[in-house]
Amino acid sequence: MSKLRLLLDRFTLILVAVVAAATLLPAHGVGAVFFKNLTTAAIALLFFLHGAKLSREAIIAGATHWRLHGVIFIWTFVIFPLIGWALRPVLVPLLGEHLYVGVMYLCVLPGTVQSAIAFTSIGRGNVPAAVCAASASSIIGIVVTPLLLQLLLETDTSALDSSSLLQSIVHIGEQIFLPFVAGHLMRPLVGRWMDGHRTLVRAVDQSSILLVVYTAFSESVIAGLWNQVDPLSLGLLVVTCCVLLAIVLVLNTWSTRKLGFSRADEVTIVFCGSKKSMATGVPMAGVLFSAGAIGPVLLPLMIFHQIQLMVCAVLAQNYQRHAPPEPGHRHAHEKGRLPA
C-alpha cells in the first residue's frame, strides 16, 4: 500500500487528470490564448522567485560549473542523437521511414527550458546551473540541430536564417533571463521573506508544470495527435518513445554517478540532459520540413514530450522525497520538537 501511495502521490494524480482534461477538453480559440498567456505569466513568476531566492555566489557557481555543462551538452547533442541513429535498423521496419525521421528529429533537438528548471527545483537540484544549462542548450540547438539533421538525415537546412536565431535568443531572454535578473535585483528587499516562504517556490514550480502540460497537450490534441497515424503505428510509436526515454534516463543517471557528481548536480543533469523541447521543435520543423511531411515528423515529438513530462514529474517527486532537508526546514522541525 505504501508503494502504491509513493507512486500515485497527489501531484502525479493531478498531472494525470490534467492530461485527461486536455484530451477531452483541449483549450482552443480564446481559451488557448488565455492558457498560453497564463502559462507565460506563471513561468515569469517562477523565474522571478528563483532569482530572488538564489544568492550571488550560488548563481556564479552554477554558471561556471563547466564540467556539468559539458556533460549536459554531450548528452543532448551527441549521445541522444547517436542512440536514435543506432536504432535506425530497428525503427524503420517498425515505424516506417516518415515516423523514423520524426524520432531522429526529436533526438537532435535541444532540451527544454522551463520544465527542466522547474523539475530541477522540485527535485532540489542545482537550480542556477539548470538555468544556465537549459537556456544555453536552447540557444545552441538553434544552430546545432539543423546541422545534425543535415548530417544524419541529409536534410536541407539552408532555410534557417540568422533572423530565426536572433528571435529565439530574444524570446528566451524575455521569458527566462529578464524575470530571473529582476528577481535577483530585488533579493535585498524580498530575500528574507523568500527564505521564510520556501514552499511558495515549490507551489509555483508545480503549478507551472501543470499549466505547461495542459497547454502543450491541448495544442497536440488540436493538431490531430490521435488522428495522424493508424492505432497500431501509434501504439508502436508510444512504446518507442517510452523505451527511448528509459534508455536515456538509465544511462544518464548511471554515467552521472560514475563521474562522481553530487546529488544536486545529478538532478540537474538528468532533467536537463534527457528532455527535448517542443517549444523549439515545432517552429523549427516548420522551417526545416515541407508542409506535407511536418505532421509525421512532429508526432513523435508530441508524444515524447507528454511522456517526458509525466515521467520526470514522478522522478522529481522521488528526488524530493529522498533529498536531505534544507537548512530552513531542518531548523523549523527542530524548533518545533517537544522535549523528551
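Positions are given from 1, in the same order as the sequence printed here. Every value quoted in this text rests on a predicted model; they were computed, and no experiment measured them.
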(request) Indicate whether the side chain of Asp265 and that of His65 have a donor and an acceptor atom separated by less than 3.5 Å. (result) yes

(message) Within the structure provided, determine whether Ile307 and Cys242 are in side-chain contact (heavy-atom separation under 4.5 Å).
(response) yes

(request) Assess whether side-chain contact (heavy atoms from CB on, under 4.5 Å) is satisfied between Leu244 and Leu106, documenting all intermediate values. (result) CA-CA 11 Å; Leu244 181 61; Leu106 83 85; 4.0 Å; yes

(request) For side-chain contact (heavy atoms from CB on, under 4.5 Å), just list the numbers for Ile79 and Asn252, CA-CA rounded to whole Å, side-chain angles, deciding distance to a tenth of an Å, and then say yes or no. (result) CA-CA 10 Å; Ile79 299 178; Asn252 191 319; over 6 Å; no

(request) Mind listing the closest non-hydrogen atom pair of Gln320 and Arg263 along with its distance? (result) N-NH2, 4.3 Å

(message) With clusters defined by side-chain heavy atoms of hydrophobic residues (ILVMFWY) lying less than 4.5 Å apart, directly or transitively, does Val270 cluster with Val243?
(response) yes

(request) Grab the two heavy atoms, one from Leu95 and one from Ser233, that are nearest each other, plus how far apart they are. (result) CD2-O, 4.4 Å

(message) Under the rule for ring-ring contact (aromatic ring centres under 6.0 Å, His included), what residues qualify as partners of Phe48, not counting sequence neighbours?
(response) none

(message) Evaluate Phe119 against Leu309 for side-chain contact (heavy atoms from CB on, under 4.5 Å), listing each step before the verdict.
(response) CA-CA 9 Å; Phe119 284 135; Leu309 288 173; 4.0 Å; yes

(request) Give, for atom CG of Leu259 and atom CD1 of Ile269, the distance between the pair rounded to the nearest 0.5 Å. (result) 7.5 Å

(message) Can you give me the closest heavy-atom contact between Gly273 and Thr76, atom names plus distance?
(response) CA-OG1, 4.0 Å

(request) Look at the side-chain heavy atoms of Ile, Leu, Val, Met, Phe, Trp and Tyr, link any pair under 4.5 Å apart, and say whether Leu148 and Ile74 land in one connected group. (result) yes

(message) Is there a side-chain contact between Phe271 and Cys312 in this structure, where contact means two heavy atoms from C-beta onward sitting under 4.5 Å apart?
(response) yes

(request) May I ask you to establish whether Lys276 and Phe80 are in a cation-pi arrangement, using a distance under 6.0 Å from NZ or CZ to the six-membered ring centre and at most 45° from the ring axis? (result) yes

(message) Testing Leu99, Val101, Val103 one by one against Val297 for a side-chain contact (heavy atoms from CB on, under 4.5 Å), which residue passes?
(response) Val101

(message) For Leu249, is there any backbone N or O sitting under 3.5 Å from a side-chain donor or acceptor partner on Thr253?
(response) yes

(request) May I ask you to decide if Ala264's main-chain N or O and Tyr319's side chain share a donor-acceptor pair within less than 3.5 Å? (result) no

(request) Provide the full list of salt bridge (charged side-chain N to carboxylate O under 4.0 Å, His left out) pairs with a residue in residues 103-121, sequence neighbours left out, each pair given once. (result) none

(request) Could you point out which residue of Ser255, Ser274, Cys272, Ser137 forms a side-chain contact (heavy atoms from CB on, under 4.5 Å) with Trp75? (result) Ser255

(message) For the CE atom of Met310 and the NE2 atom of His305, what is their distance to the nearest 0.5 Å?
(response) 12.5 Å

(message) How long is the straight-line distance from CZ of Arg88 back to CE of Met104, given to the nearest 0.5 Å?
(response) 9.5 Å

(request) Determine whether Leu38 and Val33 fall in the same hydrophobic cluster, where Ile, Leu, Val, Met, Phe, Trp and Tyr are linked whenever their side-chain heavy atoms lie under 4.5 Å apart. (result) no

(request) Supply the atom-to-atom distance Leu91 CG to Glu97 CD, rounded to the nearest 0.5 angstrom. (result) 10.5 Å

(request) Specify the closest pair of heavy atoms between Ser218 and Ala22, including all atoms of both residues, with the distance to one decimal. (result) OG-CB, 3.8 Å

(message) Quick check for you: to the nearest 0.5 Å, what is the distance between Phe77 atom CZ and Leu109 atom CG?
(response) 8.5 Å

(request) Write down the atom of Pro81, the atom of Val78, and the distance for their closest heavy-atom approach. (result) CD-O, 3.4 Å

(message) Do Trp85 and Val90 sit in one hydrophobic cluster, given that two such residues count as connected whenever their side-chain heavy atoms are within less than 4.5 Å of each other, even indirectly?
(response) no

(request) Determine, step by step, whether Leu232 and Leu236 satisfy the side-chain contact (heavy atoms from CB on, under 4.5 Å) criterion, reporting the C-alpha distance in whole Å, the side-chain angles of both residues, the deciding distance to 0.1 Å, and the verdict. (result) CA-CA 6 Å; Leu232 177 60; Leu236 291 173; 4.2 Å; yes

(request) Apply ring-ring contact (aromatic ring centres under 6.0 Å, His included) to Phe261 and list each qualifying residue two or more places apart in sequence or on a separate chain. (result) none

(request) Identify the heavy atoms of Leu94 and Thr240 that sit nearest to each other, and give their distance. (result) CD2-OG1, 4.0 Å

(request) Spell out, yes or no, whether Leu25 and Met302 are grouped together once hydrophobic residues are joined by side-chain heavy atoms under 4.5 Å, including indirect joins. (result) no

(request) Indicate yes or no: at least one non-hydrogen side-chain atom of Pro110 is less than 4.5 angstrom from one of Ile140. (result) no

(request) Working to the nearest 0.5 Å, report the span between CD1 of Ile303 and CG of Leu237. (result) 4.0 Å

(request) Quick one: sort the His184 and Phe180 rings into parallel, tilted or perpendicular, breaks at 30° and 60°. (result) parallel

